[in-house]
Amino acid sequence: MKLTVALLTALVAALAVAVTRRGQLADPAGLIGWYAVCWALFAAAAWSLRRVPPGRAAALVVAGGLVAGAVGLLDVPRTSTDSYRYAWDGRVQAAGVSPYDHPPIAEELAGLRDDWLFLDGPVCETAYMSWLWGGGCTRINRPRVPTIYPPVSEAYFLAVHTLSPPGSRHKPLQAGGLLLAMATTLLLVRLAGPRGACLWAWCPAVPIEAVNNAHADALSVFLAVGALGLLTRRRAAGGALLGGAVAAKFLPAVLLPGALSGVRRPRDAMTVLGPALLVAVLAYLPYVLTSKASVFGYLGGYASEEGYAAGSDGRYGLVRLLVPDVWALPVVVLLLGAVAAYTIWRGDPARPWQGGLVVTGVAFLLLTPGYSWYALLLVALVALDGRWEWLGVAAAGAVAYVTGLGVAAYALAALTVLVGWSVRTRARTDPALTY
């Protein structure tokens with residue numbers, strides 16, 4: 001136990017440096033170096049937990065997760081400006097306006113601007129600021145387009161704004177991220193035990209992305225983990241909660257094949273899909289009724305901007321190494337569809353997260369996303385399932401975001417997954433081997 005505590009202490013110290021230093025635009029090599037130190041200490045601490053008795057391990061996982069997560073509160077968001085849009089969307093809703101109707105620069109919303117989110121002077125020359133046409137700048141990214149966030153996240157932004165003291169700025173969203181991260185940790189301790197839960201609680205992605213950058217993915221991950229836990233006992237309730245996760249951030253939709261593992265009859269599938277669809281529709285309904293514009297906001301433009309339509313900007317990077325660019329998207333759709341179908345047909349209904357991990361991990365390898373916070377869902381699935389080799393895919397997302405070397409990082413992650421699969425296959429077929 002002493003070794004684990006020492007490694008956790010070192011991890012917290014390294015995270016504090018990573019969170020409070022300059023962001024990736026100023027010094028990408030230095031930042032990725034500290035990220036590497038954090039991931040190495042995380043791996044060592046998780047490995048050392050094997051020697052700690054289960055009772056003490058659970059307490060250590062929760063306490064370590066709380067301290068590591070709290071490191072994210074030490075500074076303003078360092079590598080993302082998304083939480084500023086969250087704060088703005090919450091403020092707009094509190095004023096009785098749909099967040100989907102107007103971009104932040106709209107004159108209709110000029111009365112809601114303050115000197116925290118909208119600035120002027122030399123500060124506009126610093127990184128991460130967006131210039132405004134009439135002069136000045138804003139911390140909000142893409143200020144010329146409406147929001148892209150689904151309704152459950154928007155409701156969360158409104159709740160945080162409503163509960164926040166005046167002038168608290170970025171802190172409430174970071175505190176909300178810490179609460180969501182800890183709630184997920186407690187769920188994972190119950191569902192996967194402390195040795196599984198530590199893979200989420202101590203992972204560097206959690207204090208950096210869920211807390212410091214306050215990404216709404218933490219909300220969708222919490223709902224998704226709860227949904228997967230419920231699916232083994234109450235499929236309709238699990239489906240409903242999964243619908244809530246999808247209505248918080250669209251990414252958890254990749255868990256549907258895992259949720260349908262072993263399903264053979266359409267009636268059984270609708271036990272999950274029906275409640276999921278109903279919850280998603282009900283979540284959107286208030287915004288549909290009160291919005292003058294599309295409730296999908298800038299979602300289509302965002303997908304095109306990020307290169308998912310044309311496969312540019314590093315998207316489908318591994319696939320494009322093997323096939324011509326024009327074939328990349330059809331190949332991705334075909335492969336992902338095949339993996340999803342196999343998961344539904346051969347998956348274990350008692351472990352829906354197992355198929356969910358495979359489909360999600362393969363989706364990441366095929367799509368090669370450039371944003372590291374997307375991988376929070378993958379980290380939680382690894383904690384549930386225990387196949388640590390998929391954490392390499394999550395780490396690859398951080399490399400892609402900070403350095404732009406996404407293809408190489410995802411290629412190495414794919415190799416790590418193959419090695420892990422090979423080792424596990426040999427262990428199952430040869431009882432004399434122990435790993």
Side-chain angles (χ1 to χ4, degrees), residues 8 11 15 42 45-46 49 57-73 83 86 152-153 155-156 159-160 172-232 237-238 240-249 251-252 254-255 258-259 351-354 356-357 360-361 372-388 390-391 394 397:
L8 278 176
L11 171 61
L15 283 169
F42 157 58
L49 192 68
L60 192 56
V61 167
V62 174
L66 178 60
V67 175
V71 171
L73 303 174
S83 64
Y86 305 166
V152 171
S153 284
Y156 169 68
V160 172
L173 283 163
Q174 290 182 330
L178 178 59
L179 290 174
L180 289 168
M182 291 307 301
T184 304
T185 296
L186 294 175
L187 271 179
L188 289 169
V189 168
R190 180 177 179 181
L191 294 171
R195 290 177 178 81
C198 78
L199 298 178
W200 162 268
W202 301 346
C203 181
V206 174
I208 292 171
E209 303 299 356
V211 183
N212 181 253
N213 288 325
H215 282 291
D217 299 70
L219 173 62
S220 67
V221 169
F222 170 67
L223 295 173
V225 170
L228 292 171
L230 272 176
L231 280 168
T232 60
L241 201 54
L242 185 56
V246 175
K249 204 76 185 285
L251 181 59
V254 298
L255 299 179
R351 295 176 62 83
W353 48 82
Q354 190 174 67
L357 172 59
T360 304
S372 51
W373 48 91
Y374 292 171
L376 287 171
L377 177 62
L378 188 63
V379 173
L381 292 171
V382 171
L384 276 169
D385 189 64
R387 283 176 286 180
W388 54 265
W390 287 99
L391 285 173

Quiz item: If we only count heavy atoms from C-beta on, is the Val379 to Leu391 side-chain gap below 4.5 Å?
Solution: yes
Quiz item: Is there a donor-acceptor pair closer than 3.5 Å between any side-chain N or O of Trp353 and the backbone N or O of Val225?
Solution: no
Quiz item: Quick one: does Arg387's side chain have a donor or acceptor within less than 3.5 Å of a partner on Gln354's backbone?
Solution: yes
Practice problem: Begin from the C-alpha positions of Met182 and Val62 and carry the test side-chain contact (heavy atoms from CB on, under 4.5 Å) through to its verdict. | Solution: CA-CA 8 Å; Met182 291 307 301; Val62 174; 3.9 Å; yes
Quiz item: What's the verdict on side-chain contact (heavy atoms from CB on, under 4.5 Å) for Lys249 and Leu219, showing C-alpha distance, side-chain angles and the deciding distance?
Solution: CA-CA 8 Å; Lys249 204 76 185 285; Leu219 173 62; over 6 Å; no
Quiz item: Leu73 versus Val211: any side-chain heavy-atom pair under 4.5 Å?
Solution: yes
Quiz prompt | From Leu66 atom CG to Leu178 atom CG, the distance as rounded to the nearest 0.5 Å | solution = 6.0 Å
Practice problem: Determine whether Leu60 and Trp202 make a side-chain contact, defined as any pair of heavy atoms from C-beta on separated by less than 4.5 Å. | Solution: yes
Self-check item: Reported CG-to-CG distance for the pair Leu255 and Leu377, which is rounded to 0.5 angstrom
Solution: 5.0 Å
Exercise. Please name the pair of heavy atoms, one in Val246 and one in Pro252, separated by the smallest distance, quoted to 0.1 Å.
Key: CG2-C, 3.8 Å
Quiz prompt | Exercise: identify the closest heavy-atom pair between Ala383 and Ala192 | solution = O-CB, 3.3 Å
Exercise. Of all the heavy-atom pairs spanning Ser220 and Asp217, show the shortest one and how long it is.
Key: OG-O, 2.9 Å
Quiz item: At what distance, to the nearest 0.5 angstrom, does CG of Leu231 lie from CG of Leu241?
Solution: 8.5 Å
Quiz item: If you round to the nearest 0.5 Å, how far is CG of Leu8 from CG of Leu15?
Solution: 10.0 Å
Practice problem: Measure up the Tyr86 and His215 rings against each other and bin them: parallel (under 30°), tilted (30 to 60°), perpendicular (over 60°). | Solution: perpendicular
Quiz prompt | Straight-line distance of Asn212 CG to Trp373 CH2, nearest 0.5 Å | solution = 12.0 Å
Quiz item: Could you walk me through whether Leu223 and Val152 pass the side-chain contact (heavy atoms from CB on, under 4.5 Å) check?
Solution: CA-CA 11 Å; Leu223 295 173; Val152 171; 4.2 Å; yes
Quiz item: Going through the distances and angles, do Leu378 and Leu357 end up as a side-chain contact (heavy atoms from CB on, under 4.5 Å)?
Solution: CA-CA 7 Å; Leu378 188 63; Leu357 172 59; 3.5 Å; yes
Practice problem: Calculate, to the nearest 0.5 Å, the distance between atoms CG and CH2 belonging to Leu381 and Trp200 respectively. | Solution: 10.0 Å
